[in-house]
Student: 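Here it is: the structure, laid out below.
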Amino acid sequence: MYNFDLIKPKTLADAVAAMGDGAQALSGGQTLLPTMKQRLADPGTLVSLTGIPELQGVCQGDGGIIIGGATPHAVVAKEALKYYPALAALAGQIGDPAVRNRGTIGGSIANNDPSACYPAAALGSGAIIQTNAREIAADDYFLGMFETALDDGEIVTAVKFPVPQVAAYIKFVQPASRFALVGVFVAKFADGVRVAITGASNNGVFRWSEAEAALSANFTPDAIAGLTLPADDMIADLHGSADYRAHLCGVMTKRAVIAAG
Amino acid sequence: MPKDGGIGESTKRREDIRFLTGKGRYTDDINLRGQAFACFLRSEVANGRINSIDTSAAMSMPGVLTILTGDDFTGMGGNPAGWLINSRNGEPMKEPKRPVLAHGKVRHVGDAYAMVVAETYGQARDAAAAIEADITELPAVVDMAKALADSTNLVHDEIGTNQCFDWGWIEDNRAAVDEAFKNAPHVTTLELVNNRLIPNAMEPRASLADYDAGTGDYKLYTTSQNPHLHRLLIAAFVMGMPENKLTVIAPDVGGGFGSKIYHYGEEAAVLAAAKAINRPVKWVAERSESFLSDAHGRDHVTKIELATTKDGEFLALRTETLANVGAYLSNFSTATPTFLHGTLMAGPYKTPLVYVNVKTVFTNTAPVDAYRGAGRPEATFSIERVVDKCARELGIDQAEIRRKNLLTPDQFPYTTPVGLVYDTGNYQATMDKMTELADLAGFEKRRAASAKNGKLRGLGLSTWIEACGIAPSNLVGVLGARVGLFDAATVRVNATGNISVMTGAHSHGQGHETVFAQIVAEQLGIPASSVEIVHGDTSKIPFGMGSYGSRSLAVAGSAMTKAVDKIIAKGKKIAAHMLEASEQDIEFKDGSFSVAGTDKAKTFGEIAFSAYVPHNYPLETLEPGLEETAFYDPANFTYPAGAYACEVEVDPDTGKVEITAFTCADDFGNVMNPMIVDGQVHGGVGQGIGQALLESTSYDENGQLLTGSYMDYAMPRADDVPFYTVDHSCITPCTHNPLGVKGCGEAGAIGSPPAVINAVIDALQRGGHTHVKHIDMPASPARVWAAINNA
Ligand SMILES: Cc1cc2nc3c(=O)[nH]c(=O)nc-3n(C[C@H](O)[C@H](O)[C@H](O)COP(=O)(O)OP(=O)(O)OC[C@H]3O[C@@H](n4cnc5c(N)ncnc54)[C@H](O)[C@@H]3O)c2cc1C
């Protein structure tokens, strides 16, 4: 690890001010710190977000539940349960207890790892990403592997999730990292079904529109029996070929529909 | 039996108290005054010519004390291979020098070519990044077959080939074996890969070197499974100093699995640096360095053929194996694919004719050496897979084909066609036990239940044997070993009757401190709590060859028993004097020396006290003191054996394999502490399941390690393994060591991989995917799914 300065603001305003000159946000550190330890990142100045009360917690708001940007996964797993069980279950499957008690939702969606879980929930729920500057619809937020609509220095302050009638996340784990090899989030709202898939595509999390249309008409696994996704843009690596991932997208979507009930 | 646990008791592990409360003392917990820190600069290319290394900028960085490169070690010896293997044509193996730091060429990603020593580790690392090395990248030699075919691209230019040796075992039997194949009614052929594994001990390698400029003595604290072997290799072979000038201490060591048997360049480098700057120097590997530079395991590519009658009687077996040794010969790397592998190819079977050919190949990858099981898992996997395939081809039940060919109790001692003499065994007993415990009879019912849930259930068996208790020096000497493989112990009885046992075995997780104390306590009739086991320090232990090859109890435990016998003999002398009787009339039982047929007796404590307060000893005939040392060299290997059953459920939609049950019926000879034996089997099977389903070491064609972290290298975790059913009640005691013990440390890792793969194949076959004859390990979901769908 290279030397760095650490700023620990107590308010969002102080954090935003501290982000001014090329500093980097530090939330749970579960992604950033390992990268720094390997000397693959040299941020110079880190602004810690975990001591800011405004960024913590789960609560019910207008049109959905609101999760503070620095809320750890373990808190979401517990406190979102009564509002949005599928989201709580997703949070409860991220990493291990240590990761869940430090890693945060803001860090996860700011990082937008192509195999991370939260992006599937955010996109699958049609969430709104709130930052210190604006609100961004999930559909406009995830721009590709590790890419988001965030500007330099912009901080995710909260994520607002509309709560569907039923939903489920099914994660087929990559055997080593236990991130999603393919993870599918299916959410059924009054006005239609959303299907978001993580882990599979070279372009990061995406919506499977054909499946959404079919499931909106008929919310059963059979509705998507004939549908397949092209393997062209799927990730191919040691843990699975593009064909395999394309196939798993179908299998996991069906299982998510069954689990959502 | 002592009240606090003797032989056969499941005594809780005394060492766990310190391990579980954070009081263990590992190399990195030791800090010496004034210590500096080393960082190694490692090659980023798999094969490269070092044109120059400019350290001037790095030398002027803050805190830097010294920088050493390969040039600084050209006067030192190479790190040797411990076993000379001759090729079929009689030529000795090729032994290119393995220098302390790479010199002239770097030969694998992670090959260290410079070392920076600085006041802090961070400074050393900063400075290492500032070293300017001009290295020309050369095409990497990665694939073994290509390495042999292409003599223009060499890992070691000076030997003119990438082949280390071409070994035939037993060469004289080759013609007869080939003849048997020509006439065989049925031949089953299988090509398979035994996947390369990265050991991943929980504690990374670490060394702390100290040099005393006043006496010229060196001290090395290091992560070693065998401190005396380290001392020998470093002092006599590499650094060229008398052994009495070097003390090697292996304190608590957090797992080794083989990888810490060997001497690595970093250890000599920190010793040299400690002398150069006259300060202690510490190095602790980062996890990424462990992935790149610890000796890996396995990595065989094998073609195996089994000739049988139409009703499945084995007639002959033949294998051709390419074994990867990586970029340099690690200390046991030449013994592992040969005498720990080829000599096991008869398995537990009557197969009358066996021939094994092994070509070892240099590649631009990390060195490969013995890893839990070492050669025997490779042998067992090949045999048990081909037996399984043969059974399917002939339409014979898997259990049936094994029963038909297993050696029977009346055949022992049995001389195999590959040069071993199995002293004892009862393979039918373990087979019966496994059949009962695994409820083989109920399998069909369970399969039907799985099928209802859309899952394919399969059953896989493995009947395995190993040769361990390594090793009879007489025998291995003939076969090319350059060391003896005896062990030693000193039993020191203190004046107040408590005991220190100095053993040459090294415990790095096994529980020796508990078990060895149980044994000595039982033998001397004293409480186990008054016996202390001392290990891991060349200045305290008479000698020892360490722990690996399931040898600790069978070899070091036997040495300890011999030393205890000498203590009892001496105690009788003392008792005879004290009781005014003749030595022949003294009996020793339950901690008491008595005159036969009388009530005159002295306790063990009284004898001990008298030995150190010898006020009226007849000094011409009786020496004071009560301390004995014994060396023990085994007469033969020991031959644990067992029968395993694995049951799996395969999800045909994803290819995911779940192990639903795993049953082990083992014969380990006499069992000293059943709980610890259970634990060893659990750990071994866990590692075997890791190999079979999860662990894959992958280099790309440029020799870059693609699985260099836990993000891509899948280790088995608690929820990847089932609750095991483990039994070791079938016992045929070893016939040639005093405790009648065989060894259990590697068994699980040896016997389990084929049981798992056999079960996966069985599941697919029964599920109608009859085109799937074999799946290479690890049978990851992606591979299983691909196998199902590549019809
Ligand atoms: C062993 C392990 C297993 C894991 N398994 C999973 C898994 O199964 N599924 C999964 O989804 N994830 C997994 N993760 C990742 C984990 O969820 C991380 O917590 C998450 O990716 C990052 O969150 P963090 O709070 O730790 O962010 P940090 O590491 O602190 O930051 C990550 C990045 O986001 C930026 N950032 C952080 N917070 C904000 C913010 N509020 N606004 C703007 N930018 C911000 C940082 O500057 C940095 O670039 C795993 C991690 C580990 C170590």
Side-chain angles (χ1 to χ4, degrees), chain A residues 1-4 30-31 34-40 42 93 95-99 113-116 170-184 199-200 221 224-225 228 231 234-256 258, chain B residues 39 62 120-123 125-126 128-130 195 198 200 286-289 291 454 651-658 689-690 692-700 704-720 777-790:
Chain A
M1 202 179 269
Y2 297 105
N3 281 338
F4 60 90
Q30 295 304 291
T31 296
T35 323
M36 288 168 63
K37 283 186 186 167
Q38 289 177 293
R39 297 193 163 204
L40 296 172
D42 183 9
Q93 289 174 55
D96 50 50
V99 169
D113 187 300
S115 305
I170 298 287
K171 173 183 181 183
F172 189 79
V173 299
Q174 193 258 56
S177 71
R178 296 204 173 180
F179 274 68
L181 189 74
V182 168
V184 178
I224 50 167
T228 52
M234 295 285 163
I235 298 172
D237 62 14
L238 289 173
H239 307 287
S241 63
D243 284 338
Y244 181 54
R245 279 187 167 82
H247 164 78
L248 284 181
C249 289
V251 176
M252 296 305 139
T253 304
K254 282 180 214 143
R255 290 184 183 180
I258 294 169
Chain B
C39 173
T120 69
Y121 181 67
Q123 289 171 334
R125 219 184 138 165
D126 286 341
N195 45 327
I198 299 177
N200 283 301
E286 297 189 15
R287 182 57 67 182
S288 348
E289 293 184 276
F291 271 98
D651 178 346
D653 289 333
T654 63
K656 168 110 176 119
V657 176
E658 191 194 335
I689 290 172
L693 295 183
L694 294 158
E695 297 182 48
S696 166
T697 307
S698 182
Y699 283 96
D700 71 11
Q704 293 293 334
L705 181 62
L706 301 177
T707 49
S709 83
Y710 296 125
M711 293 301 280
D712 288 303
Y713 190 89
M715 293 291 283
R717 306 187 204 186
D719 62 353
D720 289 314
M777 300 187 289
S780 63
R783 272 198 185 157
V784 173
W785 181 81
I788 291 174
N789 290 287
N790 291 344

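In what follows, chains are A, B, ... by sequence order, proteins preceding strands, each numbered from 1. What you see is a predicted model; the values in this text were computed from it and never measured.
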Student: Of all the heavy-atom pairs spanning A/A176 and B/M711, show the shortest one and how long it is.
Tutor: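 For A/A176 versus B/M711, the nearest heavy atoms are CB-O, 3.4 Å.
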Student: Is A/K254 salt-bridged to B/D653, cutoff N-O under 4.0 Å?
Tutor: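 Looking at A/K254 and B/D653, the cut-off is not met.
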Student: Among A/Q174, A/H239, A/K37, A/H247, which residue has the highest count of heavy-atom pairs closer than 4.5 Å to chain B?
Tutor: A/H247
Student: Can you see which heavy atom on A/P175 is nearest to which on B/P781, and at what distance?
Tutor: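 What the structure gives for the nearest pair is CG-CD, 4.3 Å.
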Student: For chain A, which candidate among B/D720, B/D712, B/L706 shows the most heavy-atom pairs at distances under 4.5 Å?
Tutor: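 Winner by heavy-atom pair count: B/D712.
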Student: Any salt bridge between B/D651 and A/R255, counting N to O under 4.0 Å?
Tutor: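 Here B/D651 pairs with A/R255 in a salt bridge, since their nearest N and O are under 4.0 Å apart.
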Student: Can you confirm whether A/D96 is buried at CG, in the sense that more than 12 heavy atoms of other residues, nucleotides or ligands lie under 6.0 Å from that atom?
Tutor: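 Buried by this count: over 12 neighbours within 6.0 Å.
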Student: Contact part of B/R783 toward chain A, heavy-atom cut-off under 4.5 Å: side chain, backbone, both or neither?
Tutor: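 Interface part for B/R783: neither.
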Student: Check ring pair (Phe, Tyr, Trp, His ring centres under 6.0 Å) between B/Y710 and all other residues, then give those that pass, not counting sequence neighbours.
Tutor: B/F291
Student: With sequence neighbours excluded, give me every salt bridge (Lys or Arg N to Asp or Glu O under 4.0 Å) pair touching residues 239-252 of chain A.
Tutor: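 Listed by first then second residue: A/D237-A/R245.
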Student: Heavy-atom distance under 4.5 Å to chain B: side chain of A/Y244, backbone, both or neither?
Tutor: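 Contact with chain B: backbone and side chain both.
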Student: So for B/S780, is it side chain, backbone, both, or neither that comes closer than 4.5 Å to the heavy atoms of chain A?
Tutor: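 Contact with chain A involves no heavy atom of B/S780 at all.
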Student: Just so I understand: if I count every heavy-atom pair under 4.5 Å between each of A/M252, A/R178, A/Q38, A/M1 and chain B, which residue has the most?
Tutor: A/R178
